[in-house]
J.: 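Take a look at this one; I'll ask things after.
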Amino acid sequence: MLPQVLPLAAFAATVSAHGLITTPTPRGPGDASVAACGQSVVDNIKNDKTSHVEGLPELAAADPDYHAEQCNVWLCKGLQYADNEANVQQYTAGQSVPIEVQLTIPHVGSANVSIVDTKTDTIIGTPLLSWPSGYADEREFYAHTTPANQTKFNVTIPEDIGSQCSEAGACVIQWWWYGTGAKQTYESCVDFTVA
Ligand SMILES: *[C@@H]1O[C@H](CO)[C@@H](O)[C@H](O)[C@H]1NC(C)=O
Ligand SMILES: *[C@@H]1O[C@H](CO)[C@@H](O)[C@H](O)[C@H]1NC(C)=O
Ligand SMILES: *[C@@H]1O[C@H](CO)[C@@H](O)[C@H](O)[C@H]1NC(C)=O
Ligand SMILES: [Cu+2]
């Protein structure tokens, strides 16, 4: 049943979407995410991969499959590494990594792109890129003048990253956007290792 539902869900996402990393392949849902966060969180994400985090904590808490020690919806929307072993990028320290983001509904606010330690949900070093304000501005969006570098940019893997991200699953590149007026948070993650 699921394969027949997926194309429809993908189509719906292009209509109602807010934002998501499109390149490299971002973390997506699967059985491990269901086991950690529950079916209702995963159904919400499958229905619109680009939607906001707000609402997911309540969905998770009400689900009998929710395991608080495994599911943190404020990190990659709770999506689990175990479902994404086929999507791990291999980088080197100092490498410039091209990233593309799809923005389809704007909500002006702040954003950043960071390397996050998944065990502690903390940013390693400082954000690789940061927009303190003015990200996804409605006026620019509808005038088709959104700066290109909000959706297509390079990040540089820090030279001093060391061995913190040598193991797959230990680190993600997380794109995080908060629409101030909408009070909505969007997260999308890329799994990677640095040899
Ligand atoms: C990254 O962006 C989010 C959303 O705007 C913000 O809450 C967070 O404080 C930022 N983190 C850093 C380290 O700038
Ligand atoms: C993004 O592009 C704008 C111009 O559209 C420029 O002012 C800004 O400095 C650029 N930011 C980065 C991080 O390259
Ligand atoms: C990213 O870096 C590559 C290689 O340095 C460069 O060709 C490309 O123009 C950059 N992309 C953006 C969006 O700045
Ligand atoms: Cu919205």
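Numbering of ligands and ligand atoms starts at 1, following listing order.
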J.: Taking the side chain as everything from C-beta on, heavy atoms only, tell me whether Trp131 gets closer than 4.5 Å to Trp177.
T.: no
J.: Given side chains that start at C-beta, do those of Thr118 and Tyr81 come closer than 4.5 Å, heavy atoms only?
T.: no
J.: On the 0 to 90° scale, with breaks at 30° and 60°, tag the His18-His52 ring pair as parallel, tilted or perpendicular.
T.: perpendicular
J.: Could you check whether Arg27 pairs with Asp83 (Lys NZ or Arg NE/NH1/NH2 to Asp/Glu carboxylate O, under 4.0 Å)?
T.: no
J.: Between Asp137 and Arg139, is there a salt bridge with N-O shorter than 4.0 Å?
T.: yes
J.: Do Asp63 and Ser40 meet the criterion of a side-chain donor-acceptor pair at a distance under 3.5 Å?
T.: yes
J.: By residue and atom, what protein N/O/S atoms are less than 2.8 Å from the Cu ion (ligand 4)?
T.: His18 NE2, His107 NE2
J.: Decide whether Val108 and Leu103 are clustered together by the hydrophobic rule: side chain heavy atoms of Ile, Leu, Val, Met, Phe, Trp, Tyr closer than 4.5 Å, transitively.
T.: no
J.: Please give the N or O to N or O pairs under 3.5 Å between ligand 2 and the protein, distances rounded to 0.1 Å.
T.:
residue: ligand 2; atom: 2 (O); partner: Asn149; partner atom: OD1; Å: 3.4
residue: ligand 2; atom: 2 (O); partner: Asn149; partner atom: ND2; Å: 2.3
residue: ligand 2; atom: 11 (N); partner: Asn149; partner atom: ND2; Å: 2.8
residue: ligand 2; atom: 14 (O); partner: Asn149; partner atom: ND2; Å: 3.2

J.: Around atom CG of Asp43, are there more than 12 heavy atoms from other residues, nucleotides or ligands closer than 6.0 Å?
T.: yes
J.: Just to verify, which of Thr126, Ile161, Ile123 counts as forming a side-chain contact (heavy atoms from CB on, under 4.5 Å) with Ile115?
T.: Ile161
